[in-house]
Amino acid sequence: MGGVMKNADMAGIFEQMADFLEIRGENPFKIRAYRRAAQVIEHLPREVATMLAEGEDLKALPGIGEAIASKMAELVRTGHLVAWETLRDSLPEGLSTLLEIPGIGPKTAYRLATELGISSVDELEQAILEGKVAHLFRLGDRTAQNILHSIRSMRRKDQRIPLGQALPIVEEILSALRPLPGVRNLVPAGSLRRFRETLGDIDLMGTADNPEAVIRSFVSLPQVREVLAQGPTKASVILSGGLQADLRMVEHEAFGSLLQYFTGSRQHNIALRTRMQKKGLKLSEYGITDTATDRLEKFSTEEAFYERLGLQYIPPEIREDRGEIDLAERKAIPRLVERSDIRGDLHVHTNWSDGTASLEDMARAAKALGYQYLAITDHSGGLGIAGGLNEERLLKQMQAIRQLDERLEGIRLLAGIEVNILADGRLDLPDGILSRLDVVVASVHSALNQSEAKMTRRILKALENPHVDILAHPTCRLIGQREPIAVDLEAVFQAAAQHRKILEINSMPDRLDLQDISIYRARELGVLLAIDTDAHRPEHFDLVRFGIAMARRGWCRPAHILNCRPLGEVLSYLKRDEAYRRTG
DNA sequence: GCCGTTTTCGGCCCGACTGTTTTCAGTCG
């Protein structure tokens, strides 16, 4: 295995360890320990390899003890894990592939492999068609057909879909079901409510006078392609896009615990229940049971639920078992940034480059949102990006912005640019003109395949330019379409902190860049952030809610976000106060 | 395998739905 072991790869290996152990029927708690470790590693804000290099004790991490810590060290040191290889070799081939099929767990996978010699999805499909699977003991024709269904729908669908794609589908379903008679609550839960950047499925919760009728309407929605399961309180369906959606109904009085339970994350809930179990409380979607009296207490709101546990309310975005429960116990949950904290946007486009709206339309839309300021940052022209501005057009635009700013009451327009960072780290506009702008946003749009070393040098060089204020979409990823660039983010954060540069949280749902764990780390290192929309038309301003959600997932308070500050403070941070502007 | 103002040993989250079953195992979330 070449190169440094990345956290994502390491997490995958421990996840497979868990699968292997499960197939072998080992202690379920040992299996859970491996799964928990995989989760923790996957969401670490720093690379394990870096932590080890700096002499940190991995056992300090939650869920990581002696055994797993030494396996992590082995992986970093050698790129291999002997225990994993031994386990893998002790089992029939292809089990991992079979486990990926929904409805097939470790028991079934093992039997298929040993009793029928199946080692791939194609072989399994063939065996079902030949009737072999239905003849296995305790597996009937019905089960075989269900597996076949799973295989075929799995082939059709993408694994996880971006948040921004799922949301419209959800809104559609909600608006179809909410008007039904007797429905009182109907809301998204799960990773959607926590604003994870991608979703594996859609979770909806509700209460109604006649839950079964709501379930029946749900499964017969036109968007439903297939019903996986249907009972009196819950149903699971596959939507026409291939996405799974689950609906659960409960009585009105228990809505708070239902919502809490199914908002998750699973890790948060497990941590919560383990902790409360020691206090004699059993938590479920129906409420809290005192194990001494066996009496069930119900909660109609999440707030009341957390309060009963002696905890401060925990916002859904940070329910990831990363220390939030301890903080809630000490009543020390930070006041996370909210939409009403946002006072302006520092990265938007107009029809001067590839936006679709005029300067004035964008300005008025921002003003209508109550913003104090708006920075116009069209593309620079270097690499033929749609209508990018050269020096001459930029000067004209500056003039237009200044004139419009004179005319418009109630909002301040800032003249800016989104300048390209060229392959060697230079910018594609000269310092002379950059120095005359109110704000300079810099970003990478070309030569995305550079090596990590080269890309890191390139970005650091740009950050050393005194005129650059904000590094936009730092990893250049497009969720589900383009991998992030190879760059040493830790080095970028340190440079940003040193030069007092701002890193962007880009709100576009297909970018969400920086992502949550990077935001968390940047904030830890004292880097100031900006939540920008990168809007290309007025409706895009609304996307700021995604950026805010990411900032919240990174535990940001308003103080961590530049555009939560009033205009005067923003200008002085950018070292562009009124005097500067007149002389500049 | 992890973890500890109930424990360094003995616990470890909780319930719904399905299919093939006469009482429950497997899977999922």
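Note that the structure is predicted; figures quoted are calculated from it, not measured. Chain letters run A, B, ... following the sequence lines, proteins first, then strands; residues in each count from 1.
- The pair A:E302-A:R193 counts as a salt bridge, with a side-chain nitrogen and a carboxylate oxygen less than 4.0 angstrom apart.
- Among the nucleotides B:dC17, B:dC12, B:dG1, the one closest to the side chain of A:Q277 is B:dC12.
- The listed nucleotides are B:dT20, B:dG1, B:dT18; the one nearest the side chain of A:I68 is B:dG1.
- One P atom belongs to B:dT6, the other to B:dC12, and the distance between them is 16 Å to the nearest Å.
- Looking at heavy-atom distances under 4.0 Å, A:I64 makes contact with sugar-phosphate atoms alone, never a base.
- For A:Y34, the listed nucleotide lying nearest its side chain is B:dG1; candidates were B:dG1, B:dT18, B:dC14.
- Nucleotides of DNA chain B nearest to A:G63 and A:P232 differ in position, and the one nearer the 5' end is that of A:G63.
- Separating the NZ atom of A:K234 from the P atom of B:dC14 is a distance of 18 Å, rounded to the nearest angstrom.
- We find that A:D542 and A:R339 are joined by a salt bridge, their nearest charged nitrogen and carboxylate oxygen being less than 4.0 Å apart.
- Minimum heavy-atom separation, A:P92 to A:T114: CG-CG2, 4.0 Å.
- The closest side-chain heavy-atom distance from A:L124 to A:I104 is below 4.5 Å.
- A side-chain contact (heavy atoms from CB on, under 4.5 Å) with A:Q230 holds for exactly one of A:L247, A:V237, A:I215; it is A:I215.
- Counting only heavy atoms from C-beta on, A:K71 has its side chain closest to B:dG1 among B:dG1, B:dC17, B:dC14.
- Each of A:K279 and A:Q230 has a nearest nucleotide on DNA chain B; the 5'-most of these lies closest to A:K279.
- Which of B:dC17, B:dG19, B:dG29 sits closest to the side chain of A:D203 comes down to B:dG29.
- Using a cutoff of 4.0 Å between basic side-chain nitrogens and carboxylate oxygens, A:E15 and A:R35 are scored as salt-bridged.
- For A:Q39 and B:dG29, the CD to C1' distance is 13 Å, given to the nearest whole Å.
- Between the C1' atoms of B:dT8 and B:dG1, the separation comes to 14 Å (whole Å).
- Residue A:I270 contributes atom CD1, which lies 13 Å from atom C1' of B:dC28 at whole-angstrom precision.
- Side-chain atoms of A:R266 and base atoms of B:dG29 include a donor and an acceptor less than 3.5 Å apart.
- The pair A:E85-A:R88 fails the salt-bridge criterion, with no side-chain N (NZ, NE, NH1 or NH2) lying under 4.0 Å from an Asp/Glu carboxylate O.
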- prompt: So what does the secondary structure string of DNA chain B come out as, 5' to 3', with Watson-Crick or wobble pairs under 3.5 angstrom, [ ] for crossing and | for pairs with another strand?
  reply: ((((....)))).((((((....))))))
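- Of the candidate nucleotides B:dG1, B:dG15, B:dC12, B:dG1 has the atom lying nearest to any side-chain atom of A:K30.
- With rounding to whole Å, A:E26 atom CD is found 17 Å from B:dC12 atom C1'.
- A side-chain donor-acceptor contact under 3.5 Å links A:R552 to the backbone of A:V337.
- One P atom belongs to B:dT23, the other to B:dC28, and the distance between them is 26 Å to the nearest Å.
- Base engagement by A:Y261 is indicated by at least one non-hydrogen atom pair under 4.0 Å involving a base atom.
- In this model, a side-chain donor or acceptor of A:N27 finds a partner on the base of B:dG1 within 3.5 Å.
- No salt bridge links A:E226 with A:R152; every basic N to acidic carboxylate O contact stays at or beyond 4.0 Å.
- Counting non-hydrogen atoms under 4.0 angstrom, A:R36 reaches nothing in the nucleic acid.
- If you check every strand for non-hydrogen atoms under 4.0 Å, A:K278 touches a base.
- Look at CG on A:L272: it is 17 Å from C1' on B:dG29, rounded to the nearest Å.
- A distance of about 38 Å separates the P atoms of B:dG10 and B:dC17, rounded to the whole Å.
- Separation of the P atoms belonging to B:dT20 and B:dT27 is 14 Å when rounded to the nearest angstrom.
- When the P atom of B:dC28 is taken as reference, atom CG of A:L247 falls 21 Å away, rounded to whole Å.
- With A:R553 as reference, A:E320 is the one residue of A:E197, A:E320, A:E317 to meet the salt bridge (charged side-chain N to carboxylate O under 4.0 Å, His left out) rule.
- Between A:M205 atom CE and B:dA16 atom P the separation is 14 Å, expressed in whole Å.
- A cation-pi contact, defined as under 6.0 Å to the ring centre and within 45° of the axis, links A:R319 to A:Y313.
- Considering only side-chain atoms of A:S284, the nucleotide from B:dG15, B:dG29, B:dC12 that sits closest is B:dG15.
- Heavy-atom distances under 4.0 Å link DNA chain B to A:I101, A:P102, A:G103, A:I104, A:G105, A:P106, A:K107, A:T108 of residues 101-128 of chain A, given in residue order.
- The side chain of A:T274 contributes no N or O atom lying less than 4.0 Å from OP1 or OP2 of B:dG4.
- Taking atom CG of A:L139 as the reference point, atom C1' of B:dC24 lies 15 Å away to the nearest angstrom.
- Among the nucleotides B:dT20, B:dG15, B:dC17, the one closest to the side chain of A:T143 is B:dT20.
- Heavy atoms of other residues, nucleotides or ligands lying less than 6.0 angstrom from CD of A:E171 number more than 12.
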